[in-house]
Amino acid sequence: MTITSPHLGSSKAWTDAQLLFALEEVVEKELNRHLKVAKDWMPHEYVPFSDGRNFPGVFEDGEAWAADQSKVTDIGKIALVVNLLTEDNLPSYHHEIASLFGRDGAWGTWVHRWTAEEGRHGIVMRDYLLTSRAVDPDKLEQFRMAHMAEGFESDNRHSMLHSVAYVAFQELATRVSHRNTGHQSGDPVCDRMLARIATDENLHMVFYRNLLGAAFELAPDLTMQAVRDVVVNFRMPGHGMPGFERAAAQMAIGEIYNMRIHHDDVIQPVLRFLKVMDIDGLGPEGAQAQEELGLYMGGLDSEASKFDEKLAARKARMAARGRA
């Protein structure tokens, strides 16, 4: 993408309301494309209900949960809980994007469609976890209550452009996390379920990525600054859940989501597709944001390489202990 038209990126050039109106046609186009390629699916078809049995409670024949009742790996269990608790905050996500994007026209239709599709993810994951007894059901509910009772506020709620930029990356991050969790779960049923969810997340990413590309055409300076801010300060939406830091560290070591994956499989693909680092014709603020984004990506790649070395050394130690 090469933009050489006069830049419109000053803070006086565009308000959120103006951008929402200007992008409405793009939203409608992307919504229609999405509806043509998205496939409805039934959550209950991905859950092995025949494996389920009662838990203690109102059922006298209830069987208490035990850690050895599921074939899911330890890292799979950790990631599944993080992924599910993230999906549980859907009411807050819907409130935020409905407040930013509105409930009318193509924007509103997309907001409600996205929410409906995301709702399936929480349904099928919780049904799977309880039916397969992969996690302690009492703790899962306690975590859900604690996480949702805290509420959720996006780091980017102040700006429509920042929000669009964030979800373009976050939807891909969620897709990657779900897909890698499935691969590492040790259960083909879980892998199939998460692959289905990941397909939805990828379509959501495409919608927002294409919308972000249109924003670059309209307001390149402002969009570049938004992308810079989002990438540099990126946090997954589940960062406020109980024990998130420890779980994130375990998921990094387990190669479900870490700095290398974040750099190579999430940030770079979006930047590369939109040719963000090749955009010219920017004003001073946009050009500075582009330069800072490039410097940050170089630093992130360097930090990811250090993590790769530590992870390789850890694997070597573990292998040596296994041979001893």
Side-chain angles (χ1 to χ4, degrees), residues 1-3 7 9 11 14 16 19 23 86 93 96-97 100 152-178 180 201-202 204-240 244-245 248 251-252 256-308:
M1 181 192 305
T2 301
I3 298 175
H7 67 88
S11 59
W14 291 99
D16 275 3
L19 280 168
L23 290 169
T86 300
Y93 309 150
E96 289 223 346
I97 66 171
L100 279 166
F152 174 83
E153 287 188 339
S154 168
D155 296 331
N156 303 288
R157 62 190 179 278
H158 63 287
S159 160
M160 188 277 286
L161 267 183
H162 282 72
S163 296
V164 169
Y166 176 75
V167 289
F169 295 105
Q170 181 267 321
E171 292 283 3
L172 183 52
T174 304
R175 173 200 178 276
V176 169
S177 181
H178 282 312
N180 288 342
E201 302 291 8
N202 195 64
H204 297 164
M205 178 277 294
V206 171
F207 178 95
Y208 287 119
R209 183 195 64 191
N210 292 352
L211 189 58
L212 185 62
F216 267 117
E217 294 287 347
L218 282 173
D221 281 354
L222 283 179
T223 306
M224 186 67 73
Q225 292 171 72
V227 168
R228 184 261 329 266
D229 294 345
V230 164
V231 170
V232 169
N233 300 298
F234 186 87
R235 296 195 296 174
M236 291 294 276
H239 60 79
F244 177 78
E245 289 77 11
M251 290 168 67
I256 288 176
Y257 201 94
N258 54 41
M259 279 191 290
R260 174 53 62 200
I261 293 170
H262 183 64
H263 178 278
D264 291 359
D265 300 338
V266 177
I267 304 299
Q268 280 286 28
V270 176
L271 296 181
R272 189 182 305 117
F273 182 89
L274 296 176
K275 298 182 173 62
V276 171
M277 303 311 298
D278 297 328
I279 294 175
D280 59 15
L282 295 166
E285 292 180 340
Q288 180 180 348
Q290 187 181 49
E291 180 182 2
E292 290 172 353
L293 178 61
L295 291 172
Y296 176 81
M297 291 302 295
L300 180 61
D301 186 41
S302 178
E303 289 299 312
S305 295
K306 293 177 184 178
F307 176 83
D308 291 341

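Predicted model only: the values in this text are computed from it and were never measured.
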Task: Minimum-distance pair of heavy atoms, taken over all atoms of Ser177 and Ile256 - done: O-CG2, 3.8 Å
Task: Closest non-hydrogen atom pair between Gly286 and Gln225, with its separation - done: N-NE2, 4.4 Å
Task: Where Ser159 and His162 come nearest, the two heavy atoms and their spacing - done: OG-ND1, 2.9 Å
TODO: Give, for atom CZ of Arg175 and atom NE2 of His178, the distance between the pair rounded to the nearest 0.5 Å.
DONE: 11.0 Å
Task: Polar side-chain atom of Asn233 near backbone of Asp229 as donor-acceptor pair, under 3.5 Å - done: yes
TODO: Please check if the side chain of Ser305 supplies one atom and the backbone of Asp301 the other of a donor-acceptor pair under 3.5 Å.
DONE: yes
Which pairs of donor and acceptor atoms, one on a side chain in residues 261-271, lie under 3.5 Å apart (sequence neighbours left out)?
| residue | atom | partner | partner atom | Å |
| --- | --- | --- | --- | --- |
| His262 | ND1 | Tyr257 | OH | 2.6 |
| Asp264 | OD1 | Arg260 | NH1 | 3.0 |

Open item on the list: Please confirm whether the ring centroid of Phe169 lies under 6.0 Å from the ring centroid of Tyr208.
Closed with: no
Task: Straight-line distance of Ser154 OG to Ile97 CD1, nearest 0.5 Å - done: 11.0 Å
Task: Qualifying residue for side chain to side chain contact (heavy atoms under 4.5 Å, CB included) with Thr223, from Ile279, Leu212, Leu282 - done: Leu212
Open item on the list: Looking at Asp221, is its backbone amide N or carbonyl O close enough to the side chain of Glu285 to form a donor-acceptor pair, meaning the two atoms are under 3.5 Å apart?
Closed with: no
Task: Geometric cation-pi criterion Arg209 and Phe273, 6.0 Å radius, 45° cone - done: yes
TODO: Decide yes or no for Tyr166 and Asp155: does some side-chain heavy atom of the first lie under 4.5 Å from some side-chain heavy atom of the second?
DONE: no
Open item on the list: Just verifying a value: how many Å separate Met224 CE and Leu274 CG, rounded to the nearest 0.5 Å?
Closed with: 9.5 Å
Open item on the list: Check whether Asn258 reaches the backbone of Ala252 with its side chain - one donor and one acceptor, N or O, closer than 3.5 Å.
Closed with: yes
Task: Side-chain heavy-atom pair Met277, Gln290 within 4.5 angstrom cut-off - done: yes
TODO: Find the distance between CG (Leu100) and OG (Ser163) and round it off to the nearest 0.5 Å.
DONE: 4.5 Å
- [ ] Could you grab the distance from atom OG1 of Thr174 to atom CD of Glu201, nearest 0.5 Å is fine?
- [x] 5.0 Å
Task: Minimum heavy-atom distance Ala215-Leu23, with the two atoms named - done: N-CD2, 4.1 Å
Open item on the list: In the structure I gave you, are the side-chain heavy atoms of Val232 and Glu292 within less than 4.5 Å of one another anywhere?
Closed with: no
- [ ] Please report the C-alpha distance between Thr86 and Tyr93 in whole Å, then the side-chain angles of each, then the deciding distance to 0.1 Å, and finally whether the side-chain contact (heavy atoms from CB on, under 4.5 Å) criterion is met.
- [x] CA-CA 10 Å; Thr86 300; Tyr93 309 150; 3.6 Å; yes
Open item on the list: If I compare all heavy atoms of His239 with all of Arg235, which pair ends up nearest, and what's the gap?
Closed with: CE1-NH2, 3.2 Å
Task: Min side-chain heavy-atom separation Val230-Gln170 under 4.5 Å - done: no
